[in-house]
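The chains referred to below are lettered A, B, ... by the order of the sequence lines, with proteins before strands, and numbering in each begins at 1. All values below come from the heavy atoms of this structure, side chains included, with hydrogens, waters and symmetry mates left out. These figures come from a predicted structure and were not determined experimentally.
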Amino acid sequence: MDTIETRAYGYFDFYCRSFIAPGRVSYTLGAPQSHAAANGAGFTIVVGDRPGPEPVQHDVTVCLRDGTLQPDRAEINAAPGDHVLWHAESPDTPRYSVCGAGQGTAWSSSRLDEHSVYVHIFGLAGEYRLVDVASGRVMAELDVVNPPTTSDPCGSAWPVDAAVVALDDVADRPQRAKLVVGQAAAFAVERLRDSGITLVDERLLPQATEPRTGC
Amino acid sequence: MSDIIAVMDETAVNQVLPVAEATLGIVSGTGSSSLGPFQVQHSASGWFSGGVVSLFPSATVRIAECTFHYSTHLDLQFDLSNIIPNVYFPGIKIKIFKHWVVIIPAFTINWPTVSIPVSHSGTIVFTANFRLQTVFVNPDWRVNAVIQSVPQLQLTPAASLLIGLIGVAAGVVLAAVPFIGLYLAGAVIGITAAIGIAGATGLLGLMLTPLVSGAVFPLYNQPKHFPLIPAAGPFDPAVYINLASVAAIVINSGEPELKLLTDVTP
């Protein structure tokens with residue numbers, strides 16, 4: 001089973017966040033429960049005053065160095081409208097999350113909002129029901145199938161297009177999509193009801209207890 | 001001249017053979033070896049049945065058409081990268097709601113090391129010459145048939161079957177490897193091709209030949225000290241004798257016979 005969740009990002013997960021307002025943003029990398037222990041120490045994104053001609057993407061590779069998760073560069077200089085993409089250095093990099101504060105807001109890669117995108121590349125076929133942990137609502141239902149088998153090991157059959165799954169926190173029905181193994185899905189928030197969507201594969205959640213009946 | 005001479009013709013020896021096979025019971029062995037890109041942990045066990053005995057002077061017993069019923073289990077371990085090349089994810093651009101474009105960088109997927117367990121059972125029929133061996137294992141004299149040379153085992157049909165089983169097992173195991181879906185067929189073909197009939201035959205031979213060639217069929221077992229005449233009453237005790245020596249030979253006096261030559265001491 002593929003591990004799909006925004007609480008902790010692995011090698012086949014990518015977190016992207018756009019920065020609109022000028023100012024200084026600090027962020028930490030680590031396991032979700034470790035961010036508070038960082039106590040403000042972290043890494044910096046400096047968003048300048050003037051936007052560039054085109055929004056630029058700044059890539060950050062998350063590495064394990066000396067037993068701690070660190071970005072490959074401590075500071076990023078961005079322009080308003082630019083976005084930053086975090087991704088793990090290798091399959092051995094521990095799963096991580098990104099927590100930031102600045103420009104009057106606090107954010108986390110765990111909770112997707114209108115300024116963030118979660119991308120996952122599917123490696124295994126199966127049916128995936130992705131729920132928002134806070135509300136318990138099913139946000140997306142994905143059917144991932146194997147592509148036609150090939151004996152060609154050169155990768156010519158790699159599906160290069162991605163599926164964009166719009167997360168609508170207000171709609172009644174979950175988004176549905178069909179993908180093939182090797183294809184990327186980008187989860188972007190279209191409409192948000194609360195503070196954010198924590199997207200998790202339903203199978204990773206503790207089994208809901210049956211409601212008690214009788215006396 | 002021996003004190004006691006016991007004689008069995010071929011018919012009698014053929015009647016002893018099933019008992020000897022049952023007494024031998026189940027033989028087994030374990031080991032590990034390399035097979036091309038694979039590391040193989042293996043175990044095998046089996047038992048014998050059937051066969052037709054012929055006797056040849058001076059001490060040869062031929063068992064023809066003997067059936068060895070075997071069960072094998074092997075665990076193939078290998079780095080999948082040695083079978084199929086690591087794959088390259090080309091990187092993509094994703095347009096999100098018309099207002100921004102996310103670029104996923106290219107990366108390489110290194111295949112993991114996997115383990116494929118395979119179980120296989122079958123039978124092989126062989127013919128082999130055995131020599132007669134007489135040994136004293138306190139407190140008994142034993143006459144065994146010990147294989148003379150490693151018989152040629154016909155393993156090609158079993159090897160074909162084993163290759164098929166490995167292919168099926170590989171398909172099941174590899175299906176759980178992320179991204180293998182794109183290359184599953186190629187990986188299974190690569191694995192079975194890397195082993196090949198020759199490799200599977202060699203592997204089966206490695207597992208089964210020691211079990212067959214190490215077979216020792218117990219034909220005769222007699223305590224060295226035993227009562228020749230049992231006790232007939234409180235004043236007529238049993239008469240014991242000692243078997244000082246036992247020898248087994250095959251002679252041909254018109255028809256081949258297995259002779260047990262025994263010297264006794266009071």
Taking all atoms of both residues into account, what is the closest heavy-atom pair of [X] and [Y], and its distance?
X: Val164(A); Y: Lys95(B); value: CG2-O, 3.6 Å
X: Ala188(A); Y: Ile96(B); value: CB-CG2, 3.6 Å
X: Trp100(B); Y: Arg17(A); value: CZ3-C, 4.3 Å
X: Ile92(B); Y: Ala184(A); value: CD1-CB, 3.6 Å
X: Val181(A); Y: Phe179(B); value: CG1-CA, 3.9 Å
X: Phe97(B); Y: Val189(A); value: CE1-O, 3.5 Å

Which answer fits [X], side chain, backbone, both or neither, if we ask what part of it has an atom under 4.5 Å from a heavy atom of chain B?
X: Glu54(A); result: neither
X: Ser90(A); result: neither
X: Ala166(A); result: both

*Rounded to the nearest 0.5 Å, what's the gap from CD1 on Ile104(B) to SG on Cys16(A)? Could you check?*
7.5 Å
*If the plane angle is over 60° it's perpendicular, under 30° parallel, otherwise tilted; pick one for Tyr11(A) and Phe107(B).*
perpendicular
*Counting only heavy atoms closer than 4.5 Å, note whether Ile94(B) contacts chain A via side chain, backbone, both or neither.*
side chain
*asked:* Does any backbone or side-chain atom of Val101(B) lie under 4.5 Å from a heavy atom of chain A? Answer side chain, backbone, both or neither.
replied: backbone
*asked:* Looking at Glu114(A), I want to see if its CD is surrounded by more than 12 non-hydrogen atoms of other residues, nucleotides or ligands under 6.0 Å.
replied: yes
*asked:* Between Pro105(B) and Leu85(A), is there a side-chain heavy-atom distance shorter than 4.5 Å?
replied: yes
